[in-house]
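Hydrogens, waters and symmetry mates play no part in the numbers below; they use all other heavy atoms, side chains included. No experiment lies behind these values; they were computed from the predicted model shown.
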Amino acid sequence: MIELIFPDGSRRAFDDGASGRDVAASIAKSLEKRALLVRLDGQLLDLDRPLPGGGTFEILTRESPDALEVIRHDASHVLAQAVQELFPGTQVTIGPAIDEGFYYDFARDEPFSLDDLGAIEARMAEIVDRDEKIVREVWDRNEAIAHFRDIGEAYKAEIISDLPEDEVITVYRQGDWKDLCLGPHLPSTRHVGKAFKLTKLAGAYWRGDHRNAQLQRIYGTAWASEADLEAYLRRIEEAERRDHRRIGRAMDLFHLQEEAKGMIFWHPKGWTLYRTIEAYMRRRLDTDGYVEVKAPQIMDRGLWEKSGHWEKFGQAMFTCETTEGEELAVKPMNCPGHVQIFNFGQKSYRDLPLRMAEFGACHRYEPSGALHGIMRLRAFTQDDAHIFCREDQIEAETTKFVKLLNSVYSDFGLDLHSVKLALRPEIRAGSDEVWDIAEAKLDRAARQAVNMEVEPLPGEGAFYGPKLEFHLRDAIGRTWQCGTLQLDFVLPERLDAEYVAEDGSKQRPVMLHRAICGSMERFLGVAIENYAGAFPLWLAPTQAVVASITSDADDYAREVAAALKAAGLRVELDLRNEKINYKVREHSLAKTPVIAAVGRREAEGRAVAIRRLGAEGQTVLSLDEAVAALAGEAVPPDLARAALRG
RNA sequence: GCCGGCUUAGCUCAGCUGGUAGAGCAGCGGUUUUGUAAACCGAAGGUCACGGGUUCGAGUCCUGUAGCCGGCACCA
C-alpha cells in the first residue's frame, strides 16, 4: 500500500501500482477526464505511470502552469513527429519547452522554408486529432544506442551515449513515432490542443557550440486555450509597435546607415534625450561620491598588450598605424585608461575607495550578426566607473552600487528582470581561494541589496573575476544585460596599480568595474520601448509645443513659448497655417507630452489651453500658473527628491 | 561569423504566371485663419539595395555582394 497526502492535508491509502489516473478516478470521474499529470513529492509524473511510492500528491489539470510547460513540451514532440512524417530522413535532436512556447532542432540537408510551416502545422493538428496514446517505456542503454543508430538517428544515439551510466533511459511512444525523452508527458496527443502556432525558423548549433553542425530550429508558441494564444499574438503585435527602431524613426531620434554599421547618427531630438539621461546619471554619480574623468580614445598597442586585452580581444579592436610606425588601438573599454589616472602620482589608503567614472565611448568590432538596433553596436558609450578599493571594502561598495542601480532603474520605470552571478570560468587568473572569497562576497552583497533571486551562471565569469549581471527586458521580452559589477584582481597587478597602506607598505587595490546603464545606447533603447516613446515630462525631448489656433495669436504664442523656455522647458512653437485639429493630431502622434494651444481667447485672457498626451480635452490655466506647474513637473526625479529633503 | 528571410518614392506598402512602375501619408507651390487626433487644389518625386547573367524584353527568373530582420554563436 502507498499513502498519499492531498493538498488539503487529507491522507488516503492506495494499492501498490496505482497510477495517478486511478487516484483521480477514485475521486471523481470528471477529475479523471481533466487530469493531465500528477505531482508526487514535488516531482511531475505521467498520469498513467504507476506511482513509485507515497507522499504529497496533487493532480494537475490544464489550468496549472506546470501542465502548460508539459503541453509545450508535447507540442514540440508533435512538431517532431509531423516533420518526420512529412520529411522522411530528417533527424530529430532535442526539443524543449521554453518561455511562451517550444522549439525543436532538426538535422536535414535541405533547408525548411517558411511555406513548409503551414503544412507542418496542419499535420500537427492531424496528429492531435489522432489522439495517439503517449506511452512511457524504459529501455536498456546499449539497446537504445544501437536502436537509434540503426534507424539513422545519430544525434539521439549520441545523447544517450553521453548520459551517465546509471541514468534510466526512457522512450516515449506516440503512435508509430517515438522519442528519447525524460518526460513527463500528457496522456495522449489530444491534450496538446490546437492553441499552438509555429512562429519562426532559425539556425542553431548542435549543443550550442559553433564548431558543431548547424541544425534547423523551428520555434512555436503553445497555450492552454485559444484565448490565451490570441492574447499572446496580440501582445506580440502590440510589442512590435514599441520597437525602439520603429519609434526612433517615427520620433526622428536617430538613424543608422551602411557606411557606419553598428554606429548611431543621433538626430537633435534623440541627442537631447541622450544628454538628458547623461546629465541625470552624472548627478547620480556625483552625489554618490564618484569623480569623473576622461581618458584618451586611442592608445598604444603596448598598453593593451600589457592589460591582456590584445591577446584575448585584439581581433575585435579597431586599430591603426601611423606614418611614424606607431600601432594604436581605439579603446574597446575604459579600464586601462583609468588605471593610468590612478597610477599618476601616489595614492594613499585614505583615497580609497576611489570611484572613478567616465562616459567612455568604446568601439568594438562586433560580429555582424550580433548587431541589433541601438542595443548592440560597434560604437557605444559605457556609463563606466572603476572603484579602486581594499578587499574589505568590496562588499560595502557592491551593496552601495546595487542600491544606486535600483534607484536609477526605478526612476525610469524599469523593473529588473533578473540578477545573475557569473562564476569562475575554466581559464582564469587567481587561486581558487581568492575566487571562493570573491564569489561569496558578490553573492552576499547582491542578495542583501536586491529583493530577488540571484541566478548563478557557472563558468561564465570573466577571466579576471566574477561578475554580477543586471538584466532588463525589451518590448518583446528579450532580455538585455545593462548593469554589471565585476570584481577584478588581475588588472591592478598587470598595470601596477598601488597605494600606500597605513603601515607605509605598498599594496594592490582591488578593482570593481561597474556600469548601471551598461551602454547609454542600449539603456536608451530599453527606455524607449518601456515608455513606448511616451516619455515622462522630464525626459521628453520636446516637452511642450505651443500651437497657435489663428495667426492673430502668433505674437502671444511666441510670448508663451518664451516664458516656458525661460522656465527651463524644451519648447517648440507651431505657428503653421494649419487647423488646430491637425496640429493636435501631429504632436500627439509625435508623443509630445504637452500641447499648449493659444487662440484669440487665450491671448485676450493671457491664458493657455493645456492638453496632455493621452488625455481627452484640455484645461485652461493662466500663463503664470501653466509655467509654474509645467516647470515643477519637469524637474528630474533625483532633483525633485533632493528638493523635498530640503 | 553561421542558418533562414527581407530590400520598390522621405515613410507605410501595391505591383498576378517576365511586356521597362502605382497608392496613401510626408515634403514642395497655392487657396484656406482655422477651437483640440487628418481642410482643399496642384505640380513634383523611383538607375525597383548594388553587380553579373538568362531573355527580343527583368522590379518579376538565376547568380554574386552588401545592409537589415529573426534566431544561433559571440559579448572584455
Side-chain angles (χ1 to χ4, degrees), chain A residues 103 105 111-116 199-219 240 243 245-246 249-250 252 255-259 261-262 304 307-317 331-336 362 364-373 376-377 380 382 384 460-465 467 469 476 478 480-481 484 486 488 490-491 513 518-519 522 547-554 575-590 595-602 609-611 613-618 620:
Chain A
Y103 68 77
D105 286 347
F112 292 114
S113 81
L114 250 24
D115 300 331
D116 294 333
T199 50
K200 51 200 175 193
L201 275 174
Y205 297 104
W206 169 235
R207 297 202 150 154
D209 189 329
H210 70 277
R211 290 163 302 194
N212 290 341
Q214 192 158 37
L215 307 170
Q216 296 187 64
R217 176 171 297 179
I218 298 179
Y219 280 94
E240 278 165 6
D243 189 304
R245 293 163 294 199
R246 181 195 282 243
R249 192 184 313 116
D252 194 19
H255 85 268
L256 297 103
Q257 68 186 51
E258 273 190 54
E259 288 81 354
K261 289 180 279 294
W304 302 108
S307 72
H309 293 102
W310 187 266
E311 191 193 354
K312 202 156 180 324
F313 298 104
Q315 296 298 309
M317 286 164 73
K331 70 175 180 184
M333 32 124 60
N334 308 298
C335 356
C362 298
R364 298 177 183 174
Y365 193 82
E366 301 284 11
S368 57
L371 302 178
H372 181 101
R376 190 83 185 267
L377 294 160
F380 55 96
Q382 293 178 328
D384 205 0
E460 295 202 18
F463 72 96
Y464 51 70
K467 164 169 114 175
E469 300 179 358
I476 64 168
R478 285 177 293 218
W480 297 90
Q481 183 199 306
T484 183
Q486 310 180 8
D488 188 344
V490 174
L491 204 60
H513 308 252
S519 106
R522 175 178 295 182
S548 60
I549 296 168
T550 62
S551 51
D552 294 356
D554 282 2
L575 302 180
R576 289 175 305 170
N577 176 11
E578 297 287 356
K579 284 191 191 301
I580 190 65
N581 292 325
Y582 180 85
K583 294 186 184 180
V584 165
R585 176 180 154 83
E586 195 170 85
H587 299 304
S588 299
L589 288 175
I595 299 172
V598 294
R600 197 168 298 150
R601 289 206 295 269
E602 286 74 18
I610 298 285
R611 184 192 177 92
L613 181 62
E616 274 181 36
Q618 50 274 320
V620 179

Considering only the [atom1] atoms, how many Å lie between [N] and [M], rounded to the nearest integer?
| N | M | atom1 | value |
| --- | --- | --- | --- |
| G1(B) | A58(B) | C1' | 33 Å |
| U20(B) | G46(B) | C1' | 13 Å |
| A43(B) | U60(B) | C1' | 31 Å |
| C50(B) | U7(B) | C1' | 11 Å |
| C62(B) | A76(B) | C1' | 44 Å |
| A21(B) | A38(B) | P | 36 Å |
| A49(B) | U12(B) | P | 15 Å |
| G29(B) | G64(B) | C1' | 45 Å |

| said: Can you build the contact string for nucleotides 35-47 of chain B? Use B for base contact, S for sugar-phosphate-only contact, and - for no protein heavy atom under 4.0 Å. | reply: BBBBB--------
| query | Quick one: what's the B/S/- string for nucleotides 66-76 of chain B, heavy-atom cutoff under 4.0 Å, read 5' to 3'? | reply | SS-SBBBBBBB
| query | When you look for runs of 3 or more Watson-Crick or G-U pairs in a row, both distances below 3.5 Å, which of them include RNA chain B? | reply | B:1-7 with B:66-72, B:10-13 with B:22-25, B:28-31 with B:39-42, B:49-53 with B:61-65
Separation of atom [atom1] in [X] from atom [atom2] in [N], rounded to whole Å:
| X | N | atom1 | atom2 | answer |
| --- | --- | --- | --- | --- |
| Arg576(A) | A26(B) | CZ | C1' | 11 Å |
| Asp252(A) | G27(B) | CG | C1' | 14 Å |
| Arg249(A) | A26(B) | CZ | C1' | 14 Å |

| query | Quick one: which of Arg576(A), Lys583(A), Glu602(A) gives a side chain to side chain donor-acceptor pair (under 3.5 Å) with Ser548(A)? | reply | Lys583(A)
| request: Look at the rings of Tyr205(A) and His210(A) and say which category their plane angle falls in: under 30° parallel, 30 to 60° tilted, over 60° perpendicular. | output: perpendicular
| Among all residues two or more places apart in sequence or in another chain, which pass the side chain to side chain contact (heavy atoms under 4.5 Å, CB included) test with Asp243(A)? | Arg245(A), Arg246(A), Glu529(A)
| note | Hits for side chain to side chain contact (heavy atoms under 4.5 Å, CB included) against His255(A), two or more places apart or cross-chain, chain-then-number order -> Gln257(A), Phe265(A), His267(A)
Going from [atom1] on [X] to [atom2] on [Y], what distance comes out if it is rounded to the nearest 0.5 angstrom?
| X | Y | atom1 | atom2 | result |
| --- | --- | --- | --- | --- |
| Leu613(A) | Ser588(A) | CG | OG | 6.0 Å |
| Asn581(A) | Ile549(A) | CG | CD1 | 10.0 Å |
| His513(A) | Asp384(A) | NE2 | CG | 8.5 Å |

| request: Kindly check if the number of other-residue, nucleotide or ligand heavy atoms within 6.0 Å of CZ (Arg600(A)) is above 12? | output: no
| Flag if over 12 foreign heavy atoms under 6.0 Å of CD, Glu259(A) | yes
| field | For His587(A), ring-ring contact (aromatic ring centres under 6.0 Å, His included) partners two or more places apart | value | none
| said: Whether Arg207(A) and Asp209(A) form a salt bridge (side-chain N of Lys/Arg under 4.0 Å from carboxylate O of Asp/Glu) is what I want to check. | reply: no
